[in-house]
Each structure stands twice: as structure tokens, then as C-alpha cells.
Number of protein chains: 2
Amino acid sequence: MRLVIATCSVDYSGRLTAHLPMAPRLLMVKADGSVLIHADGGSYKPLNWMSPPCKLVVDDDIWSVTNKAGEELRITLKEIHSDTAYELGTDPGLIKDGVEAHLQELLAEHVQTFGEGFTLVRREYPTAIGPVDLLCRDADGKHVAVEIKRRGEIDGVEQLTRYVELLNRDPLLAPVRGIFAAQLIKPQAQFLATDRGLECVTVDYDLLRGMESDVLRLF
Amino acid sequence: MRLVIATCSVDYSGRLTAHLPMAPRLLMVKADGSVLIHADGGSYKPLNWMSPPCKLVVDDDIWSVTNKAGEELRITLKEIHSDTAYELGTDPGLIKDGVEAHLQELLAEHVQTFGEGFTLVRREYPTAIGPVDLLCRDADGKHVAVEIKRRGEIDGVEQLTRYVELLNRDPLLAPVRGIFAAQLIKPQAQFLATDRGLECVTVDYDLLRGMESDVLRLF
DNA sequence: TTATAAATGTCGTCC
DNA sequence: GGACGACGTTTATAA
């Protein structure tokens, strides 16, 4: 990794065109040739960048970074304040502990969240257009398809609509109702879901987790 | 901006929990206190980070970065290979061109792009499921909803479908047709749009911008 | 402050 | 390589 502190201007031409006036910044050149231009503030997103795979060509005080798609990042250097390089090696990588998968797991074990007498048919119930998060039966034995999101937005309602429509074509399952479950459901999604005849359930993740703890505490 | 090359392990605890095993990495500490941890590869996204506003507390070989929401980024340092700091000042910022807002602006002023005799009713026409980019009337005075994208993909067609369906329920507006306008329309989006009875218009951004220049040149 | 849509989104996964 | 969905999405903008 090469780190250059330099006063520079930058022009990007690709999916859009963008320009950075002359100012002091950090240029980070990674081992794969990618380049990031950071200011001393903002967030983790660089002011400008070129993602790998790409190629850096240095011609005097002009750096030109290009990729296969014909995008170009052109850096014009006025003054270099520092220029250092380090060998870091490949990173072992990040270990994550997920959230959404866990939410589905918890709800699968507590389908009564959706109503008295609910039972689980199966998780990830397969269909031609992808798996339904949960397929349940209500107290009357009727099928219910459940789509689970952390945040309920319009896309999720569309997804559930497609599932319910498809499942209702199966005479062994029909009639199938749909429940849209999320930690937070946005007003527009709520409107669309209601308009489509789908029910909305707001899920309390911490409460569910608490129920899980209670179950564990019994042993 | 402080740049530290160090062998470290990292633990994040907040919206999820994540862990980075001990390895050499770049730690970037910005003037606002935010911290980025970069490996020598990947893209512009750091392996881990804390966004401002946040506070960094250094206790010997443990760095703890916390924010108001109670999230914590804990960095355990084993060995520091380099530690430097620079004063960059505030950045003048990025100037962008070619974004969707500008495209909408240009099309709003040149609705005849969609057909002879087109007039604009209004931009961002409000509905219960969100604003329609452009609502126009054609030469016959019939309403036309226009959805504008930089790149026309399936989700944009879905969006327009919803708008047209909703607008057609309003007897004051019906019948409403839909036009899907984009700089580039993907074949799948084109197919779906046609299947839904929506028209597709490919927009030449540079041409539109040229027309704008022509108008300006008259003054 | 809150909510909503765009993003040079990025990133994984599946096909 | 393309399509699809999640993301500690982040970011900008309007209400």
C-alpha cells in the first residue's frame, strides 16, 4: 500500500463526470492498483476513487487510472508532501454476526407472533421465483406466506405479492394470505401492502430475543 | 489526519458484532475523530470503521471509538510500524455532473422529447406511494406519467407500473399512459415495460444538454 | 428532525 | 459474467 499526501486536483469521467479542485489530500494506492482519494473528514467514502480491476499509469505529475469499462480517474499533482509505501499482505478478513438470518430464525420458532394458533409449515419454502421466508398455517389451517425484512420497504411488498400470487395458483395451498413482517415498516410500504390485501406485522427483535433467552433459562 | 500502519485486531459492536483477527493494516484517524481501518485490497469500503460524530479514547495499546448510539469500535494494537499526521484543512468538495436530478430538470424543460405537443403538468407529482417524476399531457390532452432513470432497469419499470395503476384510479386523470425514460434501458426492462403497455424512451443526455446550451446562447 | 429516494452505491450468492 | 437482494448500506434532499 502506497500513501501519498499531495496537493492535487482530480477529474473522474465514467458513469458520471466529477471534478475536485486543487487541495491537499491523501492518495491511497492499494496493491491491486485501486486508488482512493480521501479528505480529512466526511465519512468512510472517499471523495473520489477507482475500484479494481484497474491500471495506474504515472506520467510525470499526472496519474491516470483506467478500467476496462473506459472510466478514467485523472489526478494532477501540484506538490507531494509525503510518499510512503508498506507491505501489508492479504487480510484474513472480517467475521460477521448477522442480523436478518437471526430474525428469521427467531420468528420461525415463534410463529405465534403472527397470531394465536399459528404453526410453521417450513422455512425457506421453495417456489419457482425463489424461497418464501416462512410458510405457516393459521388457527383455521389456512396457509399464510410470511416475508421477513429488517426494514420494510416497497421492494419487500412487491416480493411478497409475487409469492402470494404464485402460491395461490397451487390448489393444494390456496387460499394463501400474506404477512409482511419487519422491525420497521415504512408508511409507503404499509400503504401498498394494505392496498394489495397483505397484512403488516411490526416485529420487536429485542423482545423475541428475550423470549429466546427465557426458553434457554429453563434449562 | 493521522495515519498509522499497525498490526492490530478489531472488534465492532453495534448494529452487528464483527471481528478482525490480528494482522497488519492501515488505521486512518480523521480530524472529526472518525476512524477507518483499511486493508491492502478490496474496494473503497474499509474493513471496519466508525463514522462521525464519535470519540476516540486511547488507553495504552487499546483504542476505543464510541458514538452516541452506543456503538463501539475497539482496536487492539500489537505493533505500530508507522505513525504520522498531516494537516489537510477542509476540502473544497466534489463537483458532480450527470446525475438523475439534472436529467429530470432537463427533460422537464424539454417534454417534447416524448412527443410533439407534450406539455408539463408538474414535476414530482405527489401520490400516496411517492412522487411521479413528471406528469405531462400529450397532444390530445391525455395524461402521461414519466419515470426517469439514469439506467433503466426492472425496478424502475415496477415503480412506473405502480404509479400508472394508481393514477388511473383517479377519474380526473384517467386514462394515464406511462413512459419509461432513461439514458440506457436494459433489454429485460424494455421487455417488461412493453409487456405492461408502457413506452420506452432512450434519452441522449449530451444532446439535451446541448439544447440547453443553445437556449442560453440566445441571451 | 424525520422520511424518502439515489448511489460512480458495494458486496455476497446463486446460477 | 449477469441477476438479485442485503447492507453497520451511506448520502443527499425535501417535508
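For the numbers below, each heavy atom of this structure counts, side chains included, while hydrogens, waters and symmetry mates do not. These numbers were taken from a predicted model, which means no experiment stands behind them.
- With rounding to whole Å, B/Lys45 atom NZ is found 15 Å from D/dA6 atom P.
- Set against C/dT4, C/dT10, D/dG5, the side chain of A/Ser51 has C/dT10 as its closest nucleotide.
- Checking B/Ile154 against B/Glu71, the closest nucleotide of DNA chain D that is more toward the 5' end is the one next to B/Ile154.
- Here C/dA6 is the nucleotide among C/dC11, C/dA6, C/dT4 with the atom lying nearest to any side-chain atom of B/Lys149.
- Residue B/Arg123 is out of contact with every strand shown, counting any heavy-atom pair closer than 4.0 Å.
- Nucleic acid contact class of B/Glu124 (heavy atoms, under 4.0 Å, all strands): none.
- Straight-line distance from the CD1 atom of A/Ile185 to the C1' atom of C/dT4: 17 Å, rounded to whole Å.
- The 5' end of DNA chain C is approached more closely, in terms of each residue's nearest nucleotide, by B/Leu94 than by the other of B/Leu94 and B/Ser43.
- Residue contacts shown for A/Tyr44 are limited to sugar-phosphate atoms, with no base heavy atom under 4.0 Å away.
- At a cut-off of 3.5 Å, with distance as the only test, a side-chain donor of A/Glu72 or A/Ser64 sits close to an acceptor on the other residue.
- Nucleotide C/dT4 holds its P atom 6 Å from the NZ atom of A/Lys186, rounded to whole Å.
- If you check C/dA6, C/dT4, D/dT9 against the side chain of B/Gln159, the one that comes closest is C/dA6.
- A salt bridge links A/Arg2 with A/Asp83: at least one charged nitrogen is closer than 4.0 Å to a carboxylate oxygen.
- Contact check, A/Arg15 against C/dA6: no side-chain N or O comes under 4.0 Å of OP1 or OP2.
- In terms of heavy atoms, B/Leu94 sits closest to B/Lys96 at CD2-CE, 3.8 Å.
- Atom CZ of A/Arg150 and atom C1' of D/dG5 are 13 Å apart (whole Å).
- For C/dA5, neither phosphate oxygen OP1 nor OP2 lies less than 4.0 angstrom from any side-chain nitrogen or oxygen of A/Arg151.
- Taking CG from A/Leu120 and SG from A/Cys136, the interatomic distance works out to 5.5 Å, rounded to the nearest 0.5 Å.
- Spacing between atom CG of A/Leu47 and atom P of D/dA12 amounts to 11 Å, rounded to whole angstrom units.
- Rounded to whole Å, the distance from CG on A/Asp91 to C1' on C/dC11 is 16 Å.
- The aromatic rings of B/Tyr44 and A/Tyr44 lie tilted to each other, with the angle between the two planes from 30° to 60°.
- Looking at heavy-atom distances under 4.0 Å, B/Pro131 makes no contact with the nucleic acid at all.
- Between B/Tyr12 atom OH and D/dC7 atom P there is a gap of 13 Å when expressed in whole angstrom units.
- The phosphate of C/dG9 (OP1 or OP2) has no side-chain N or O of A/Trp49 nearer than 4.0 angstrom.
- The distance between atom CG of A/Leu36 and atom P of C/dG9, rounded to the nearest whole Å, is 17 Å.
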